[in-house]
Amino acid sequence: MFRDAIADYIRAQAKPPDKFSHQPRLYRLATELAEDQPFDDDVLYAAAWLHDLGVFVGHRPEDLAALAAWDNVAYAAKAAPPLLQQFGFPPQKIPAVVEVIRTHQPSAKPTSYEGVLLRDADILEQLGAIGILRTVSKIGRDSRYVRFADALRLLQRNAEQLPGQLQLPSARRLAEPRLDLLNAFLAAAAAEAAETEF
(Lines give C-alpha, C1' and ligand atoms only; values in the text may rest on other atoms or scores of the structure.)
Protein backbone atom coordinates (compact mmCIF):
# COMPACT_ATOMS: atom_id res chain seq x y z
CA MET A 1 0.00 0.00 0.00
CA PHE A 2 1.44 3.36 -1.04
CA ARG A 3 0.42 5.06 2.22
CA ASP A 4 2.63 2.81 4.30
CA ALA A 5 5.48 3.25 1.83
CA ILE A 6 5.21 7.05 1.99
CA ALA A 7 5.07 7.09 5.79
CA ASP A 8 8.01 4.67 6.09
CA TYR A 9 10.07 6.78 3.70
CA ILE A 10 9.37 10.02 5.56
CA ARG A 11 10.04 8.37 8.93
CA ALA A 12 13.48 7.32 7.63
CA GLN A 13 14.26 10.68 6.00
CA ALA A 14 12.99 13.05 8.70
CA LYS A 15 16.12 14.55 10.23
CA PRO A 16 16.24 15.81 12.87
CA PRO A 17 13.73 13.18 14.11
CA ASP A 18 11.26 15.70 15.54
CA LYS A 19 10.53 16.75 11.95
CA PHE A 20 8.57 13.50 11.56
CA SER A 21 5.60 14.20 13.84
CA HIS A 22 4.40 17.14 11.73
CA GLN A 23 3.26 14.94 8.83
CA PRO A 24 0.72 12.66 10.54
CA ARG A 25 -0.53 15.56 12.64
CA LEU A 26 -0.92 17.78 9.58
CA TYR A 27 -2.80 15.12 7.62
CA ARG A 28 -5.19 14.49 10.52
CA LEU A 29 -5.79 18.21 10.99
CA ALA A 30 -6.37 18.79 7.26
CA THR A 31 -8.98 16.01 7.12
CA GLU A 32 -10.65 17.47 10.21
CA LEU A 33 -10.88 20.87 8.53
CA ALA A 34 -12.84 19.37 5.63
CA GLU A 35 -15.71 18.53 7.98
CA ASP A 36 -18.35 16.99 5.67
CA GLN A 37 -16.97 18.36 2.39
CA PRO A 38 -15.61 15.80 -0.12
CA PHE A 39 -11.93 15.81 -1.04
CA ASP A 40 -9.40 13.48 -2.66
CA ASP A 41 -7.93 11.71 0.35
CA ASP A 42 -5.08 10.16 -1.65
CA VAL A 43 -3.92 13.57 -2.88
CA LEU A 44 -4.20 15.15 0.55
CA TYR A 45 -2.38 12.27 2.24
CA ALA A 46 0.56 12.28 -0.19
CA ALA A 47 0.92 16.07 -0.13
CA ALA A 48 0.75 16.24 3.67
CA TRP A 49 3.48 13.63 4.05
CA LEU A 50 5.81 14.89 1.29
CA HIS A 51 5.39 18.69 1.44
CA ASP A 52 8.37 19.31 3.77
CA LEU A 53 10.85 16.88 2.26
CA GLY A 54 13.13 19.80 1.35
CA VAL A 55 13.59 20.87 4.98
CA PHE A 56 15.14 17.57 6.10
CA VAL A 57 18.87 17.34 6.74
CA GLY A 58 20.24 15.31 3.85
CA HIS A 59 17.83 16.91 1.40
CA ARG A 60 18.61 20.58 2.02
CA PRO A 61 22.01 22.24 1.48
CA GLU A 62 24.50 22.19 4.34
CA ASP A 63 26.27 25.37 3.22
CA LEU A 64 24.67 28.30 5.09
CA ALA A 65 24.68 30.64 2.07
CA ALA A 66 23.05 28.00 -0.12
CA LEU A 67 20.58 27.18 2.66
CA ALA A 68 19.57 30.84 2.96
CA ALA A 69 18.58 30.79 -0.73
CA TRP A 70 17.05 27.29 -0.61
CA ASP A 71 13.54 26.75 -2.01
CA ASN A 72 12.37 23.72 -0.07
CA VAL A 73 8.92 23.82 -1.70
CA ALA A 74 10.35 23.61 -5.22
CA TYR A 75 12.56 20.73 -4.06
CA ALA A 76 9.60 18.80 -2.62
CA ALA A 77 7.49 19.43 -5.71
CA LYS A 78 10.28 18.07 -7.92
CA ALA A 79 11.12 15.10 -5.68
CA ALA A 80 7.51 13.98 -5.15
CA PRO A 81 6.63 12.53 -8.60
CA PRO A 82 9.41 9.91 -8.85
CA LEU A 83 8.88 8.94 -5.22
CA LEU A 84 5.13 8.56 -5.70
CA GLN A 85 5.70 6.44 -8.81
CA GLN A 86 8.10 4.26 -6.84
CA PHE A 87 5.51 3.84 -4.05
CA GLY A 88 2.72 2.79 -6.44
CA PHE A 89 0.67 5.96 -6.08
CA PRO A 90 -2.06 6.44 -8.74
CA PRO A 91 -0.14 8.19 -11.54
CA GLN A 92 -3.07 10.31 -12.69
CA LYS A 93 -3.18 11.98 -9.25
CA ILE A 94 0.50 12.93 -9.07
CA PRO A 95 0.08 16.37 -10.72
CA ALA A 96 -2.58 17.23 -8.13
CA VAL A 97 -0.22 16.28 -5.30
CA VAL A 98 2.53 18.47 -6.76
CA GLU A 99 0.13 21.40 -7.02
CA VAL A 100 -0.95 21.04 -3.39
CA ILE A 101 2.69 20.93 -2.29
CA ARG A 102 3.47 23.96 -4.47
CA THR A 103 0.71 26.05 -2.84
CA HIS A 104 0.85 24.94 0.80
CA GLN A 105 2.64 27.97 2.27
CA PRO A 106 0.71 30.92 3.75
CA SER A 107 1.88 33.25 0.97
CA ALA A 108 0.53 30.94 -1.76
CA LYS A 109 -2.89 30.73 -3.38
CA PRO A 110 -4.11 27.11 -3.51
CA THR A 111 -5.84 26.07 -6.72
CA SER A 112 -7.67 23.05 -5.26
CA TYR A 113 -9.72 22.26 -2.18
CA GLU A 114 -7.02 19.83 -1.05
CA GLY A 115 -4.55 22.71 -1.34
CA VAL A 116 -6.72 24.93 0.85
CA LEU A 117 -7.04 22.14 3.43
CA LEU A 118 -3.28 21.59 3.62
CA ARG A 119 -2.42 25.29 3.64
CA ASP A 120 -4.88 26.09 6.44
CA ALA A 121 -3.73 23.06 8.45
CA ASP A 122 -0.10 24.11 8.01
CA ILE A 123 -0.95 27.61 9.25
CA LEU A 124 -2.67 26.13 12.32
CA GLU A 125 0.50 24.12 13.02
CA GLN A 126 2.33 27.43 13.40
CA LEU A 127 -0.03 28.65 16.14
CA GLY A 128 -0.75 27.45 19.68
CA ALA A 129 1.27 24.98 21.71
CA ILE A 130 2.48 23.03 18.68
CA GLY A 131 3.61 26.23 16.98
CA ILE A 132 5.56 27.20 20.07
CA LEU A 133 7.21 23.77 20.37
CA ARG A 134 8.13 23.63 16.69
CA THR A 135 9.67 27.12 16.80
CA VAL A 136 11.61 26.96 20.07
CA SER A 137 13.05 23.55 19.16
CA LYS A 138 14.98 25.30 16.37
CA ILE A 139 16.87 27.63 18.72
CA GLY A 140 20.58 26.94 18.49
CA ARG A 141 20.33 24.37 15.70
CA ASP A 142 18.87 26.51 12.92
CA SER A 143 20.90 29.46 11.61
CA ARG A 144 17.77 31.65 11.72
CA TYR A 145 17.24 31.11 15.46
CA VAL A 146 20.39 31.89 17.42
CA ARG A 147 18.67 33.39 20.50
CA PHE A 148 15.30 33.15 22.19
CA ALA A 149 14.47 36.58 20.79
CA ASP A 150 14.69 35.20 17.23
CA ALA A 151 12.05 32.58 17.98
CA LEU A 152 9.86 35.07 19.82
CA ARG A 153 9.94 37.45 16.85
CA LEU A 154 8.72 34.68 14.57
CA LEU A 155 5.99 33.64 17.00
CA GLN A 156 4.86 37.26 17.31
CA ARG A 157 4.74 37.60 13.53
CA ASN A 158 2.77 34.34 13.29
CA ALA A 159 0.25 35.59 15.84
CA GLU A 160 -0.20 38.87 13.99
CA GLN A 161 -0.24 37.71 10.38
CA LEU A 162 -1.27 34.07 10.03
CA PRO A 163 -4.83 33.96 11.42
CA GLY A 164 -6.02 36.47 8.83
CA GLN A 165 -4.72 34.24 6.04
CA LEU A 166 -6.89 31.25 6.94
CA GLN A 167 -9.53 30.55 4.33
CA LEU A 168 -11.82 27.94 5.90
CA PRO A 169 -14.36 28.76 8.64
CA SER A 170 -13.38 25.48 10.35
CA ALA A 171 -9.74 26.62 10.44
CA ARG A 172 -10.65 30.04 11.80
CA ARG A 173 -12.62 28.38 14.62
CA LEU A 174 -9.71 26.09 15.50
CA ALA A 175 -7.30 29.03 15.36
CA GLU A 176 -9.04 30.99 18.13
CA PRO A 177 -7.89 28.95 21.17
CA ARG A 178 -4.46 28.41 19.61
CA LEU A 179 -4.03 32.12 19.09
CA ASP A 180 -5.16 32.84 22.66
CA LEU A 181 -2.53 30.42 23.97
CA LEU A 182 0.19 31.83 21.73
CA ASN A 183 -0.58 35.40 22.77
CA ALA A 184 -0.61 34.39 26.44
CA PHE A 185 2.79 32.73 26.00
CA LEU A 186 4.25 35.79 24.31
CA ALA A 187 2.90 38.07 27.04
CA ALA A 188 4.26 35.79 29.78
CA ALA A 189 7.68 35.61 28.13
CA ALA A 190 7.83 39.40 27.88
CA ALA A 191 6.72 39.83 31.51
CA GLU A 192 9.20 37.28 32.84
CA ALA A 193 12.07 38.79 30.86
CA ALA A 194 11.28 42.15 32.44
CA GLU A 195 12.93 44.02 29.56
CA THR A 196 16.18 42.07 29.81
CA GLU A 197 17.77 40.69 26.67
CA PHE A 198 16.74 37.18 25.58
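Hydrogens, waters and symmetry mates play no part in the numbers below; they use all other heavy atoms, side chains included.
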Check whether [X] reaches the backbone of [Y] with its side chain - one donor and one acceptor, N or O, closer than 3.5 Å.
X	Y	answer
Q126	D122	yes
N183	L179	yes
R119	Q165	yes
R172	P163	no
D120	A171	no
E114	D40	yes
T135	I132	no
R102	A77	no
Y27	W49	no

Would you say that [X] contacts [Y] through its side chain, given a criterion of any heavy-atom pair below 4.5 Å between the two side chains?
X	Y	answer
P38	Y113	no
T103	K109	no
D42	F89	yes
E32	L174	yes
L166	L162	no
D4	M1	yes
I101	L53	no
T31	F39	yes

Atom [atom1] of [X] and atom [atom2] of [Y]: how far apart are they, to the nearest 0.5 Å?
X	Y	atom1	atom2	result
R178	D180	CZ	CG	12.5 Å
E160	Q156	CD	CD	4.5 Å
R147	L152	CZ	CG	13.0 Å
S21	I130	OG	CD1	7.0 Å
H22	E125	NE2	CD	5.5 Å
H104	L118	NE2	CG	6.5 Å

Quick one: closest heavy-atom pair of [X] and [Y], and the distance?
X	Y	answer
L181	A129	CD2-N, 3.7 Å
A175	L127	CB-CD1, 4.2 Å
A48	Q23	O-CG, 3.7 Å
L84	A46	CD2-CB, 3.9 Å
S112	V100	OG-CG2, 3.6 Å
G131	L155	O-CD2, 3.8 Å

Do R3 and D41 pass the salt bridge (Lys or Arg N to Asp or Glu O under 4.0 Å) test, and can you show the C-alpha distance, the side-chain angles, and the key distance before you say yes or no?
CA-CA 11 Å; R3 292 187 183 224; D41 195 42; 2.9 Å; yes
Hey, are E35 and R173 close enough for a salt bridge, meaning a charged N less than 4.0 Å from a carboxylate O?
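Between R173 and E35 there is a salt bridge, with a charged N closer than 4.0 Å to a carboxylate O.
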Answer yes or no: are there more than 12 heavy-atom neighbours, outside K78 itself, under 6.0 Å from its atom NZ?
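Incorrect, the count does not exceed 12.
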Which residues pass the side chain to side chain contact (heavy atoms under 4.5 Å, CB included) test with P81, not counting sequence neighbours?
I94, V98
